[in-house]
2 protein chains.
Amino acid sequence: MSEDVYHRAVQLFRLLSHPVRLRILDELRRGETCVCHLEAVLGRPQPYISQQLRVLREAGVIAGRKHGLFVYYRLVDERARWLLEEMLGPGRPPSPEPLCSCPQCAVDEESTSARG
Amino acid sequence: MSEDVYHRAVQLFRLLSHPVRLRILDELRRGETCVCHLEAVLGRPQPYISQQLRVLREAGVIAGRKHGLFVYYRLVDERARWLLEEMLGPGRPPSPEPLCSCPQCAVDEESTSARG
DNA sequence: CCACTAAATGCAAGATACTGCATATTGTAG
DNA sequence: CTACAATATGCAGTATCTTGCATTTAGTGG
């Protein structure tokens with residue numbers, strides 16, 4: 001049973017020990033994010049992003065919600081969120097302008113414009 | 001500069017994402033530990049232990065102090081100590097009986113016997 | 001039905017990590 | 001010096017991870 005603690009820790013550390021996965025999680029802790037947004041922010045091809053998302057999803061660290069053609073991922077592992085805060089500091093506020101054309105980003109854009 | 005934060009986090013997570021290294025660090029956070037003790041606790045050949053110690057040493061997470069034939073390692077990265085406490089809980093007390101024949105373990109044994 | 005878009009999946013080549021083992025180094029004692 | 005013990009290092013085979021790319025699946029609109 002004590003072995004399981006080690007195993008779980010190793011598993012989570014391994015997920016975080018990857019530059020792209022770490023940046024994905026850093027984006028996700030700001031809130032729900034679509035795949036196209038991650039693609040734009042990280043500058044990597046979509047299949048590559050989806051692969052890393054799968055790794056994180058199958059490990060139970062993130063979860064996806066499908067809305068039409070778009071899938072919005074969010075961070076669901078609080079221990080991971082906590083490790084990110086410790087190692088990367090508090091999450092920065094979301095980008096002022098949307099980097100993709102998904103409906104949610106468009107909504108954010110409208111509310112931002114209306115406010116400014 | 002923000003990139004560097006990611007890089008440093010990835011480096012540390014990678015070090016911790018290895019079962020043997022994680023258990024070595026878990027032992028070391030109890031206090032200074034000789035290589036022969038680690039060898040006995042982890043049940044792995046000495047060259048293998050030394051290799052993992054080198055990885056941790058070159059990353060600056062641990063440091064070694066030489067005393068005669070023996071080398072005593074200790075945890076020097078406070079961020080690593082902190083991650084260990086979060087993921088593994090508080091460090092357990094050291095084993096009641098010495099598992100190796102190094103002078104320091106012998107001293108511990110004497111004080112333990114004298115106390116009990 | 002078709003065309004189109006967002007996302008997911010499968011696969012393979014290349015890079016990297018893991019680990020066993022032989023050997024070297026360092027220090028002690030005689 | 002020799003003999004011995006604790007630790008370190010080098011190297012090689014294997015396993016695992018990474019990553020690019022082609023393809024597939026799912027959802028929308030005509």
| request: Under 4.0 Å between any heavy atoms, over every strand shown, what does A/Tyr72 touch: base, sugar-phosphate, or nothing? Just pick one. | output: nothing
| Has the side chain of A/Arg65 got a donor or acceptor atom that lies under 3.5 Å from a matching backbone atom of A/Tyr72? | no
| said: Measuring from the side chain of B/His18 (C-beta onward, heavy atoms only), which nucleotide among D/dA8, C/dA17, C/dT19 has the closest atom? | reply: C/dT19
| query | Of all the nucleotides listed (D/dG20, D/dA8, C/dC21), which has the minimum atom distance to the side chain of B/Leu53? | reply | D/dA8
| said: For a side chain to side chain contact (heavy atoms under 4.5 Å, CB included) check, start with the C-alpha distance between B/Leu22 and A/Phe13, then their side-chain angles and the critical distance, and finish with the verdict. | reply: CA-CA 10 Å; B/Leu22 188 63; A/Phe13 284 139; 4.1 Å; yes
| said: Quick check for you: among D/dT19, C/dG20, C/dT9, whose closest atom lies nearest to any side-chain atom of B/Arg44? | reply: C/dG20
| query | If each of A/Cys36 and B/Tyr48 is mapped to the nucleotide of DNA chain C with the nearest heavy atom, which maps nearer the 5' terminus, i.e. the 5' end? | reply | A/Cys36
| query | To the nearest Å, how far apart are B/Leu56 CG and C/dC18 C1'? | reply | 14 Å
| field | Side-chain N or O of B/Tyr73 closer than 4.0 Å to phosphate OP1/OP2 of D/dA8 | value | yes
| said: If you go through the side-chain atoms of B/Gln46, does one of them form a donor-acceptor pair with the base of D/dA6 closer than 3.5 Å? | reply: no
| note | Winner on side-chain proximity to B/Val71, out of C/dA8, D/dT7, D/dG20, is D/dT7
| remark: A/Glu39 CD to D/dG20 C1', in whole Å, measures 14 Å
| field | Interatomic distance, B/Leu16 CG vs C/dC18 P [rounded to whole Å] | value | 12 Å
| query | Between A/Arg21 (side chain) and A/Leu15 (backbone), is there a donor-acceptor pair under 3.5 Å? | reply | yes
| query | Atom CG of B/Leu69 and atom C1' of C/dG27: how far apart are they, to the nearest Å? | reply | 5 Å
| said: Looking at B/Arg21, I'd like to know whether one of its side-chain N or O atoms comes within less than 4.0 Å of OP1 or OP2 on C/dC18. | reply: yes
| note | Of D/dT9, C/dT5, C/dG10, the nucleotide closest to the side chain of A/Arg54 is C/dG10
| A/Lys66 NZ - D/dG27 C1' separation (whole Å) | 7 Å
| task | Hey, can you tell me if A/Trp82 and B/Trp82 have their rings parallel, tilted or perpendicular (30° and 60° cut-offs)? | result | parallel
| task | Check the hydrophobic clustering (I, L, V, M, F, W, Y; side-chain heavy atoms under 4.5 Å; chains of links allowed) and say if B/Leu12 and B/Leu28 are grouped together. | result | yes
| Point-to-point distance, once rounded to the nearest 0.5 Å, from SG of A/Cys36 to CD1 of A/Ile49 | 11.0 Å
| note | Of the listed C/dC21, C/dA7, D/dA26, the closest approach to the A/Phe70 side chain comes from C/dA7
| Which listed nucleotide (C/dC18, D/dA6, C/dC11) is nearest to the side chain of A/Arg14? | C/dC18
| query | CG of B/Leu42 versus P of D/dT7: gap in Å, rounded? | reply | 13 Å
| field | First encountered from the 5' end of DNA chain D, between A/His67 and A/Gln52 | value | A/Gln52
| field | Distance, rounded to the nearest Å, where B/Gln51 contributes CD and D/dA12 contributes P | value | 14 Å
| A/Glu32 CD - C/dA6 C1' separation (whole Å) | 16 Å
